[in-house]
Amino acid sequence: MQVAKQWVVPLIHGSLEQKVLSVFGATVQVTLISRRSRFFAGTRYRKRGINGNGHVANDVETEQIVQMSGTCPFS
Amino acid sequence: MSIVGKSATAVVATKARHNVPTFCRQVSAISVCHSWRCGVCAGRDSGTGRPLLSAVVQMRGSIPLYWSQDPSPLNVKPMIQLQNFDPLCESTALHFDDLSDRYGNPAVVLNLVKSHERTAHESVLGDEFKRTVKLLNDKLRPPEKAIVYHSFDFTYVFKRKGFEYVVPELRPILDDCYRQTGLFVFNPYGRTATQSADGPEGVHVRLQRGLLRTNCIDCLDRTNAVQCIYGLLVLGAQLQELDLSDTDEVDLDSSMAMEIMSMCAPAMFHCVAWSPSHTTLRFCGSESGSCLHVHPFACVPCVLTETLDYARRLLISLRANEAQETLRRSMQHRCRYTTQYWRTDVT
């Protein structure tokens with residue numbers, strides 16, 4: 001069944017953490033995103049190793065983003 | 001404009017004939033463009049209005065072989081059973097092909113399983129993984145897609161020498177990984193902007209090529225700690241690329257490092273681990289009615305899962321004070337960086 005794109009809600013199973021830090025007087029925003037894979041998922045001890053499609057257990061991608069907190073004071 | 005000695009992005013162009021800034025299109029063209037002439041945007045690209053940023057991706061995953069462990073809760077240390085289902089390593093090859101397609105090359109594998117053992121347990125799996133990677137590199141993968149393999153016996157260094165030896169001994173491996181993979185940078189005004197040739201014409205970006213793939217046996221404690229350390233080491237490079245720092249070194253005792261480690265805890269432990277022994281750190285021993293709250297700072301990866309399980313059983317069996325003391329001794333002994341941040345409260 002084809003589903004129109006506007007009805008599909010993308011989800012991430014994982015974690016999102018953000019903090020605004022001051023680094024040498026400048027303001028940066030640090031974001032940490034962890035995304036668990038939906039393939040070969042399972043809890044501890046119950047999923048180990050790999051399956052026939054090349055998907056591994058406990059597959060988590062972690063991204064660390066450092067972004068300058070830009071401020072645009074318009075006159 | 002100068003912000004603490006660092007030059008900020010200043011828009012000086014009046015009316016652009018080419019490449020009208022996207023930011024201008026999103027709002028009223030007249031008001032924003034007029035403001036664009038005399039406003040100053042700090043930390044943003046004047047052409048696109050996008051904030052300057054740097055990102056790095058790493059991953060964890062189970063050892064990509066056919067193996068299993070007995071899931072019985074009564075078994076404290078379940079045996080590792082290695083199955084020989086795939087002598088040609090086709091599934092493993094599929095896995096690394098997928099990593100190449102998604103992240104580029106090379107994939108740098110960091111294997112944290114034990115290699116110093118009285119009885120071969122984890123080392124069997126570690127040796128098989130090393131042999132499989134060598135087979136893939138020699139026979140099945142072209143040279144440009146070669147897998148870089150490193151092994152590091154985290155438990156041996158951690159227990160025999162101490163946590164303070166982990167980072168210096170791990171550093172060469174992580175530096176090699178960073179040198180080979182790099183990171184994503186969007187900073188047209190940075191010192192390496194002229195070398196950025198990865199993006200479409202007119203957009204100065206530098207892409208990460210490949211990634212660090214970390215594993216232990218359960219991809220929890222040791223992997224958590226190493227990923228946190230790699231994140232901190234790369235953070236220095238990210239700040240340097242954004243011209244916020246003159247060096248790529250980050251002091252691991254600094255408050256900034258503490259803040260990053262405090263972010264790692266919920267991201268990597270409670271949400272990612274999905275392990276009962278981690279989540280119950282902040283829950284009550286329901287049978288006893290008492291609660292043990294442990295602040296989830298980076299000291300937690302230093303406390304091995306076996307200690308956490310023991311503490312949880314103590315809590316359930318109405319020995320809350322012993323549970324608290326067990327964790328306090330373990331953290332104090334193992335982690336010099338965060339002893340001032342841990343706190344256990346029994347309510």
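As the structure is a computational prediction, the values presented were derived from the model and not from experiment.
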When the 4.5 angstrom heavy-atom criterion is applied to A/Gln18 and chain B, the contacting part is backbone
Report yes or no: does B/Gln58 contribute a side-chain atom to a donor-acceptor pair with the main-chain N or O of B/Gln227 at less than 3.5 Å?
yes
Greatest number of non-hydrogen atom pairs under 4.5 angstrom with chain A, of B/Leu239, B/Leu53, B/Val56, falls to B/Val56
Honestly, the part of B/Leu242 sitting under 4.5 Å from a heavy atom of chain A is both
Of the backbone (N, CA, C, O) and the side chain (C-beta and beyond), which part of B/Phe184 lies under 4.5 Å from a heavy atom of chain A, both, or neither?
neither
Carboxylate-amine/guanidinium proximity below 4.0 Å for B/Glu122 and B/Arg222
yes
Chain B shares the most heavy-atom pairs under 4.5 Å, among A/Glu61, A/Gln67, A/Gln64, A/Gln29, with A/Gln64
Please enumerate all residues that pass salt bridge (Lys or Arg N to Asp or Glu O under 4.0 Å) together with B/Glu128, with sequence neighbours excluded.
B/Arg131
For this output row, return yes or no: ring centroids of A/His55 and A/Phe39 closer than 6.0 angstrom.
yes
Would you mind reporting whether B/Asn187 and B/Glu241 have side-chain heavy atoms less than 4.5 Å apart?
no
